[in-house]
Chemist: 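Pasting a structure here, questions to come.
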Amino acid sequence: MEKVDITIIGAGVVGLAIGAKLASLNKQMFILEKNTSFGLEASSRNSEVIHSGLHYKTGSLKAKMCVRGNNLLYRLCEKRQIGFNKTGKLIIARDESEMKVIERMKLQGEQNGVEGLEILSKKELNKTEAYVKGFGALWSPSTGIINSHELMNFYVKQFEKEGGIIVYDSEVTNIEPSSRGYILTIKKENYHFLSKIVINAAGLFSDHIASKAGIDIDSEGYRLRYCKGEYFSLRRKLDVSRLIYAVPPDELGLGIHLVIDIAGGMKLGPNSFYIDNIDYRVDTDHKHEFYTTAKDYFDDINEEDLFPDTAGLRSRRKHGDGDGFRDFIIKEESIRGLPNFINLIGIESPGLTAAPAIAEYVASLVLSMPVF
Ligand SMILES: Cc1cc2nc3c(=O)[nH]c(=O)nc-3n(C[C@H](O)[C@H](O)[C@H](O)COP(=O)(O)OP(=O)(O)OC[C@H]3O[C@@H](n4cnc5c(N)ncnc54)[C@H](O)[C@@H]3O)c2cc1C
């Protein structure tokens, strides 16, 4: 049976970032991907925002990885000519009660280590973005946007340059722990091989992978649900140059916001609702909801200018961590009887921003394994 040192399941931005980080260790490595190319799921169906880290509970992995990832991403983009734009973002308060919310958000952001946060009065907001309506705003200068495809392309090249192999069209269907590692089965031709170390970065399906390895995903809080987010693009651009967000309406997401891509294209989204089966269609009946939300912030918007764009699915953990907050799970699973097996579960937003920091963290777990 063929043997390799390290296998990563999933060629999304997280699996690729981990691969690129581990590539220099000079070990035999595979990334297995069920699709015919990399990054076709959550990693290419998102807002491409480099988040600052202000939204996440202080001390959580989400907060730590986002703040670190933000820093690492800007440095990487500059060094490797990956497209980005440090636009900054405004979270708009519509009234006094929302001003109180953004003040609390500023405090949390500062506790998380986010720099440069500022509360803007109505007058200051008008001066900054004349065409945005609001009572005041929270200004986050370290938020920006990135070309996620260029980022993933860079990681692929980095991984392959060091001899790593990405095997496409290779769905992992079975995982059998053995004394020398894990025997992985790939659907195509029912192929088996042995891997000393396994890293589960399978996004929406990472709970299935954990379950195949023998983990009880319900009792461990690993089970995922698909939380859908749709986008509508704007045919006519608004006279705005920064990312515009509402105060998050609920725990499901950050709320419909104005996204500006690298080429200057504009879209609104994503909304948030749970679905049971994978479905990337955008429901045109939701257009009015997008329009009415946006109308609160922009006078200059017409419903006819909105067109269905893409949709993505968040890997949302079914149950929160007691207080409702759902942190990333990134664990080496010796304690669950699976030594040298690392699970990454619930890597929803800010997973794109956090990817380089997650990769650093996973590399530290790998380097501390006795098998190394
Ligand atoms: C609507 C939306 C908006 C978002 N906006 C942002 C944002 O602005 N900023 C931000 O930082 N984050 C954002 N995110 C989050 C971000 O997109 C994700 O956290 C990130 O892409 C997760 O990457 P991943 O590699 O874990 O998952 P994925 O990109 O889903 O990759 C997992 C890969 O594993 C493969 N796979 C699954 N099962 C198997 C198997 N059995 N065998 C082999 N391969 C398998 C899949 O085919 C897939 O390619 C957003 C997400 C969504 C859905």
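Note that ligands are numbered from 1 as they come in the structure, with each ligand's atoms numbered from 1 the same way.
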Chemist: Classify the ring geometry between F84 and Y74 as parallel (under 30°), tilted (30 to 60°) or perpendicular (over 60°).
Modeler: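 Correct class here is perpendicular.
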
Chemist: Could D283 and K287 be called an ion pair, given the rule that one side-chain N must be under 4.0 Å from one carboxylate O?
Modeler: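 Result for this pair is no, no salt bridge flagged.
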
Chemist: Write out the residue and atom name of the closest protein heavy atom to atom 48 (C) of ligand 1, then the distance separating them to 0.1 Å.
Modeler: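 Nearest protein contact, heavy atoms only, for atom 48 (C) of ligand 1 is E33 OE1, 3.4 Å.
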
Chemist: Nearest protein heavy atom to atom 37 (C) of ligand 1, by residue and atom, and its distance?
Modeler: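 The closest heavy atom on the protein side is A202 O, 3.3 Å.
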
Chemist: Identify whether NZ of Lys or CZ of Arg in K267 sits under 6.0 Å from the centre of the six-membered ring of Y231 and within 45° of that ring's axis.
Modeler: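 Ring-cation test returns yes.
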
Chemist: Let me see the working for E129 and L90 under side-chain contact (heavy atoms from CB on, under 4.5 Å), right down to the final yes or no.
Modeler: CA-CA 9 Å; E129 287 288 3; L90 287 162; 3.6 Å; yes

Chemist: Do K64 and Y56 meet the cation-pi criteria used here (NZ or CZ under 6.0 Å from the six-membered ring centre, within 45° of the axis)?
Modeler: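 Judged by the rule (NZ or CZ under 6.0 Å from the ring centre, within 45° of its axis), K64 is not positioned above Y56.
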
Chemist: Give the atoms of ligand 1, by number and element, whose distance to some non-hydrogen atom of V14 is under 4.0 Å.
Modeler: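 Counting from 1, the qualifying ligand atoms are 23 (O), 24 (P), 25 (O), 26 (O).
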
Chemist: Hey, which atoms in ligand 1 end up nearer than 4.0 Å to a heavy atom of N35?
Modeler: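 Selected atoms, number and element: 47 (O).
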
Chemist: For atom 27 (O) of ligand 1, grab the closest protein heavy atom and report residue, atom and distance to one decimal in Å.
Modeler: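 Ranked first by proximity to atom 27 (O) of ligand 1 is G203 CA, 3.7 Å.
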
Chemist: Which heavy atom of the protein is the closest neighbour of atom 44 (N) of ligand 1, given with residue, atom name and distance?
Modeler: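 Protein heavy atom at minimum distance: K34 N, 3.1 Å.
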
Chemist: Evaluate V49 for polar contact with ligand 1, using N/O atom pairs at a separation under 3.5 Å.
Modeler: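 In this structure, V49 places an N or O atom under 3.5 Å from an N or O of ligand 1.
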
Chemist: Quick one: does Y231 get a heavy atom under 4.0 Å from ligand 1?
Modeler: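 The answer is yes, since Y231 has a heavy atom less than 4.0 Å from ligand 1.
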
Chemist: Measuring from atom 15 (C) of ligand 1, which candidate in G229, G269, G15, S349 has the nearest non-hydrogen atom?
Modeler: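 Ranked by closest heavy atom to atom 15 (C) of ligand 1, first place is S349.
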
Chemist: Going by heavy-atom distance to atom 32 (C) of ligand 1, choose the closest among S47, P270, A201, A42.
Modeler: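 The residue whose heavy atom sits nearest atom 32 (C) of ligand 1 is A201.
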
Chemist: Which pairs pass salt bridge (charged side-chain N to carboxylate O under 4.0 Å, His left out) with one or both residues in residues 133-143, sequence neighbours excluded?
Modeler: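 Pairs touching residues 133-143 that pass the test: K133-D299.
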
Chemist: Among all the protein's non-hydrogen atoms, which is closest to atom 34 (O) of ligand 1, and how far away is it?
Modeler: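 Sorting protein heavy atoms by distance from atom 34 (O) of ligand 1 puts G10 CA, 3.2 Å first.
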
Chemist: For I9, is at least one N or O under 3.5 Å away from an N or O on ligand 1?
Modeler: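 So ligand 1 has no N or O lying under 3.5 Å from an N or O of I9.
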
Chemist: Counting only heavy atoms not in Y168 (residues, nucleotides, ligands), do more than 12 fall under 6.0 Å from its OH?
Modeler: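 Check passes, neighbour count above 12.
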
Chemist: With nothing but distance in play, are any N or O atoms of S43 less than 3.5 Å from an N or O of ligand 1?
Modeler: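 In this structure, S43 places an N or O atom under 3.5 Å from an N or O of ligand 1.
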
Chemist: Give yes if a backbone or side-chain nitrogen or oxygen of R314 is under 3.5 Å from a nitrogen or oxygen of ligand 1, and no if not.
Modeler: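 No - when backbone and side-chain N and O of R314 are compared with those of ligand 1, no distance drops under 3.5 Å.
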
Chemist: Taking the basic N atoms (NZ, or NE/NH1/NH2) and the acidic carboxylate oxygens, is any pair closer than 4.0 Å for E41 and K34?
Modeler: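 Between K34 and E41 there is a salt bridge, with a charged N closer than 4.0 Å to a carboxylate O.
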
Chemist: Hey, can you tell me if H257 and Y245 have their rings parallel, tilted or perpendicular (30° and 60° cut-offs)?
Modeler: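 Correct class here is parallel.
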
Chemist: One thing to verify: whether E360 and R68 come together as a salt bridge, which I'm taking to mean a side-chain N less than 4.0 angstrom from a carboxylate O.
Modeler: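 Salt bridge flag = yes for E360 with R68.
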
Chemist: Find out whether F298 and V132 are in side-chain contact, i.e. whether some heavy atom of one side chain is under 4.5 Å from a heavy atom of the other.
Modeler: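 With C-beta onward as the side chain, the pair touches.
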
Chemist: For N46, which part has a heavy atom under 4.0 Å from ligand 1: side chain, backbone, both, or neither?
Modeler: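 The answer is both, backbone and side chain.
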
Chemist: Please could you name the atoms of ligand 1 that G12 approaches to less than 4.0 Å, counting only its heavy atoms?
Modeler: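 Checking each atom against G12, I get 25 (O), 29 (O), 31 (O), 33 (C).
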
Chemist: Output the list of atoms in ligand 1 that are nearer than 4.0 Å to some heavy atom of R45, sorted by atom number.
Modeler: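 Here the atoms of ligand 1 in question are 1 (C), 2 (C), 52 (C), 53 (C).
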
Chemist: Give a yes/no verdict on whether any heavy atom in I347 is under 4.0 Å from an atom of ligand 1.
Modeler: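 It does, in that a heavy atom of I347 comes within the 4.0 Å cut-off of ligand 1.
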
Chemist: Considering only heavy atoms, does H51 approach ligand 1 within less than 4.0 Å through its side chain, its backbone, both, or neither?
Modeler: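 Contact part for H51 vs ligand 1: side chain (C-beta onward).
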
Chemist: Can you see whether Y222 has R317 sitting over its ring - NZ or CZ less than 6.0 Å from the centre and within 45° of the normal?
Modeler: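 Judged by the rule (NZ or CZ under 6.0 Å from the ring centre, within 45° of its axis), R317 is not positioned above Y222.
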
Chemist: Go through it in stages, so that I can follow the logic: the residues are C77 and I146, the test is side-chain contact (heavy atoms from CB on, under 4.5 Å), and I'd like the CA-CA distance, side-chain angles, deciding distance and then a yes or no.
Modeler: CA-CA 8 Å; C77 288; I146 184 166; 3.5 Å; yes

Chemist: Look only at interatomic distance and state if V172 has a nitrogen or oxygen under 3.5 Å from any nitrogen or oxygen of ligand 1.
Modeler: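 Checking ligand 1 against V172, an N or O pair does fall under 3.5 Å apart.
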
Chemist: Just jot down the ligand 1 atoms closer than 4.0 angstrom to any heavy atom of I209, in number order.
Modeler: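 Going through ligand 1 atom by atom, the ones under 4.0 Å from I209 are 41 (N).
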
Chemist: Distance under 4.0 Å to a non-hydrogen atom of L32: what atoms of ligand 1 satisfy this?
Modeler: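 What qualifies from ligand 1 is 43 (C), 44 (N).
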
Chemist: Within 45° of the ring axis of F135 and under 6.0 Å from its six-membered ring centre, is that where the NZ or CZ of R94 lies?
Modeler: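 No, cation not above the ring by the 6.0 Å, 45° rule.
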
Chemist: Which atoms of ligand 1 have any heavy atom of L352 under 4.0 Å away?
Modeler: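 The atoms of ligand 1 under 4.0 Å from a heavy atom of L352 are 10 (C), 11 (O), 12 (N), 16 (C), 19 (O).
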
Chemist: What protein heavy atom sits nearest atom 38 (N) of ligand 1, and how far off is it?
Modeler: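 Of the protein heavy atoms, F205 CB, 3.5 Å lies nearest.
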
Chemist: Run the numbers for me: atoms of ligand 1, each under 4.0 Å from some heavy atom of G351, listed by number.
Modeler: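 It comes down to these atoms of ligand 1: 11 (O), 12 (N), 19 (O).
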
Chemist: For S170 and ligand 1, answer yes if some heavy atom of the residue is under 4.0 Å from a ligand atom, otherwise no.
Modeler: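 Heavy atoms of S170 do come under 4.0 Å of ligand 1.
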
Chemist: What side-chain donor-acceptor pairs closer than 3.5 Å can you find for residues 301-313, not counting sequence neighbours?
Modeler:
residue: E303; atom: OE1; partner: H288; partner atom: ND1; Å: 3.0
residue: E303; atom: OE2; partner: H288; partner atom: ND1; Å: 3.1
residue: D305; atom: OD2; partner: R236; partner atom: NE; Å: 3.2

